[in-house]
Protein chains: 2
Amino acid sequence: MITKRGTLEILMPLCCNTTPVRYQTFRNSMKGFSSKTLSIRLKELEQGGILNRRSYNEIPLRVEYRLTKKGQELTESIIHLLQWMKRWSST
Amino acid sequence: MITKRGTLEILMPLCCNTTPVRYQTFRNSMKGFSSKTLSIRLKELEQGGILNRRSYNEIPLRVEYRLTKKGQELTESIIHLLQWMKRWSST
DNA sequence: CAGTATCCTGTACGATACTG
DNA sequence: CAGTATCGTACAGGATACTG
């Protein structure tokens, strides 16, 4: 699941801050991904217990995704990985 | 590169010990992957500076792969990730 | 042993249009 | 806004056979 295309990109903006992220925000930060792929990945991450999806009865719709405990612990690994990427980005 | 199918499986046996790994050993530890996919992934990892390939003038052929410095640092992240997987394997 | 070459197929994914 | 439905295609990757 975590090695699928797009998953890393979804989790990246969730690594740095604890505020929930909306669908549109993911879309904007994920150029090169279709809405279809994004929603599939989000659903997988939700079913995998990484993300919590919460929708509000508002017009226009508002849906927020936030990390679960499991997801937060995963981001620790991802942060570690991102540091490695940054460290070796020139090579 | 590191999220491609098979890459994680290639690096896993290199996480635990520092001894070089041979092609056939990868094959045996990677049921469900063809030789084609394996050699493509190995080449990518070599070109990405993760692995060093070293061949010996012997019959039968012997080729060994070992981690570079960059690769060793990457495995630190992967070990971290594997611990997370183990911790949450029941869910 | 350590790969390559070739052929073939499933599927992941984008583009587009649509909906509650 | 946050998705879903449909269609079409590129390409990842398996099976098999082959090579230095």
inquiry  = Let me check something: do Met1(B) and Leu82(A) share a hydrophobic cluster, defined by ILVMFWY side-chain heavy atoms less than 4.5 Å apart, either directly or through other members?
reply    = yes
ask   = Whole Å only: how far is the CG atom of Leu38(A) from the C1' atom of dA12(C)?
value = 15 Å
query = Do Tyr56(B) and Glu64(B) meet the criterion of a side-chain donor-acceptor pair at a distance under 3.5 Å?
reply = yes
request  = Take the protein atom CD1 of Ile59(B) and the nucleotide atom P of dG3(C), then report the distance between them rounded to whole Å.
outcome  = 14 Å
request  = Respond yes when some side-chain nitrogen or oxygen of Arg62(B) is under 4.0 Å from OP1 or OP2 of dA2(C), and no when none is.
outcome  = no
ask   = Within this structure, what is the CZ-to-P distance between Arg27(A) and dT4(D), rounded to whole angstrom?
value = 13 Å
ask   = Which heavy-atom pair separates Leu74(A) from Trp84(B) by the least distance, and what is that distance?
value = N-NE1, 3.3 Å
task = Considering just the side-chain nitrogens and oxygens of Arg53(B), establish if one lies under 4.0 Å of OP1 or OP2 belonging to dG3(C).
result = yes
key: side-chain contact (heavy atoms from CB on, under 4.5 Å) partners for Ser34(A), two or more places apart   = Lys36(A), Thr37(A)
ask   = Quick one: Tyr65(B) OH to dA2(C) P, roughly how many Å, whole number?
value = 9 Å
inquiry  = For Thr91(A), give me all partners under side-chain contact (heavy atoms from CB on, under 4.5 Å), at least two apart in sequence or on another chain.
reply    = Trp88(A), Lys70(B)
request  = Any chance you could list the contact pattern along nucleotides 5-20 of chain D? Use B for base contacts, S for sugar-phosphate-only contacts and - for none, protein heavy atoms under 4.0 Å, 5' to 3'.
outcome  = -BB-----BBB----B
request  = Rounded to the nearest angstrom, tell me the gap between atom NZ in Lys31(A) and atom P in dA15(C).
outcome  = 13 Å
message = I'd like to know if the side chain of Arg27(B) reaches the main chain of Phe33(B), judged simply by a donor and an acceptor atom lying under 3.5 Å from each other, with no hydrogens or angles considered.
response = yes
task = Using five base pairs at each end, measure the axis-to-axis angle across the helix from dC1(C)-dG20(D) to dG20(C)-dC1(D) and round it to 10 degrees.
result = 60°
inquiry  = Would you say Leu11(B) ends up clustered with Met30(B) if hydrophobic residues are merged whenever their side chains have heavy atoms under 4.5 Å apart, either directly or through other cluster members?
reply    = yes
ask   = Should Tyr23(A) be listed as having a side-chain N or O under 4.0 Å from OP1 or OP2 of dT4(D)?
value = no
query = Is there side-chain contact between Leu81(B) and Ile2(A), with heavy atoms separated by less than 4.5 Å?
reply = yes
Taking every non-hydrogen atom, the tightest pair across Ser35(B) and Tyr23(B) = O-OH, 3.1 Å
Donor-acceptor contact below 3.5 Å, side chain Thr7(A) vs main chain Thr3(A) = no
Listed pairs under 3.5 Å, donor-acceptor, residues 42-53 of chain B side chains, sequence neighbours left out:
from, atom 1, to, atom 2, distance (Å)
Glu44(B), OE1, Arg41(B), NE, 2.8
Glu44(B), OE2, Lys4(B), NZ, 3.1

message = If you take any heavy atom closer than 4.0 Å to DNA chain D, which residues from residues 42-51 of chain B end up in contact?
response = none
